[in-house]
Amino acid sequence: MVRYAFVIFLDRDERFRLMQTELDARLAQLDRFRAREIRDEPWLPGVDQPRMAQILDHVHGYKDLALDAHVRRLEQTLAERTEKTG
């Protein structure tokens, strides 16, 4: 959101290119995130592994939702710009 606040200093075409670049980057990130290999995390001896797996599932679920929300917002903002310049 901080980066987005500074687009006011860019002209209209620069803002569009920057937002399109951000959207493309986030879509690629989402593809990589969803295609990742999910494996056991045995790196902490003595930790309850099933509980750790559950916590990591929650963390990954939150990140998935956050990325989806960010992508949706970028798509909405770009669509609004397209509608206005039609």
Side-chain angles (χ1 to χ4, degrees):
M1 291 309 297
V2 172
R3 288 187 305 235
Y4 182 70
F6 286 98
V7 300
I8 192 70
F9 298 109
L10 304 175
D11 69 35
R12 174 180 243 149
D13 289 336
E14 290 171 328
R15 283 193 303 264
F16 176 75
R17 282 193 304 274
L18 181 64
M19 292 184 71
Q20 188 62 56
T21 298
E22 175 73 7
L23 176 59
D24 293 343
R26 293 305 146 230
L27 287 171
Q29 180 184 15
L30 203 49
D31 286 344
R32 287 189 311 273
F33 178 73
R34 289 186 176 152
R36 76 195 181 287
E37 180 184 338
I38 299 174
R39 60 188 191 289
D40 289 337
E41 300 291 351
W43 39 266
L44 290 174
V47 170
D48 179 353
Q49 291 299 316
R51 179 72 179 131
M52 177 60 78
Q54 182 182 32
I55 289 168
L56 290 175
D57 283 347
H58 290 168
V59 169
H60 290 291
Y62 175 80
K63 184 174 181 179
D64 190 52
L65 291 172
L67 281 170
D68 271 341
H70 188 58
V71 164
R72 269 194 319 275
R73 184 66 190 130
L74 287 165
E75 289 171 338
Q76 289 170 345
T77 303
L78 286 166
E80 289 169 7
R81 185 221 185 250
T82 304
E83 290 170 5
K84 290 179 183 175
T85 60

> What pairs of residues pass the salt bridge (charged side-chain N to carboxylate O under 4.0 Å, His left out) test when at least one of them lies in residues 24-33, not counting sequence neighbours?
Replying inline: E22-R26
> How many angstroms lie between atom CZ of F33 and atom CG of D68, to the nearest 0.5 angstrom?
Replying inline: 9.5 Å
>> Could you measure the distance from the CD1 atom of I55 to the NE2 atom of H60? Nearest 0.5 Å is fine.
In response: 11.5 Å
> Which residues pass the side-chain hydrogen bond (donor to acceptor under 3.5 Å, both in side chains) test with D13, sequence neighbours left out?
Replying inline: R81
>> Checking R51 now: which residues fulfil side-chain hydrogen bond (donor to acceptor under 3.5 Å, both in side chains) with it, not counting sequence neighbours?
In response: Q54
> Given D11 and R17, is the salt bridge (charged side-chain N to carboxylate O under 4.0 Å, His left out) satisfied, shown in steps?
Replying inline: CA-CA 10 Å; D11 69 35; R17 282 193 304 274; 5.1 Å; no
> Heavy atoms, side chains only, cut-off 4.5 Å: are E14 and F9 in contact?
Replying inline: no
> Above 12 or not: heavy atoms from other molecules or residues under 6.0 Å from CD1 of I8?
Replying inline: no
>> Let me check something: do L67 and L27 share a hydrophobic cluster, defined by ILVMFWY side-chain heavy atoms less than 4.5 Å apart, either directly or through other members?
In response: yes
> For L78, what residues pass the side-chain contact (heavy atoms from CB on, under 4.5 Å) criterion, not counting sequence neighbours?
Replying inline: F16, M19, Q20, L23
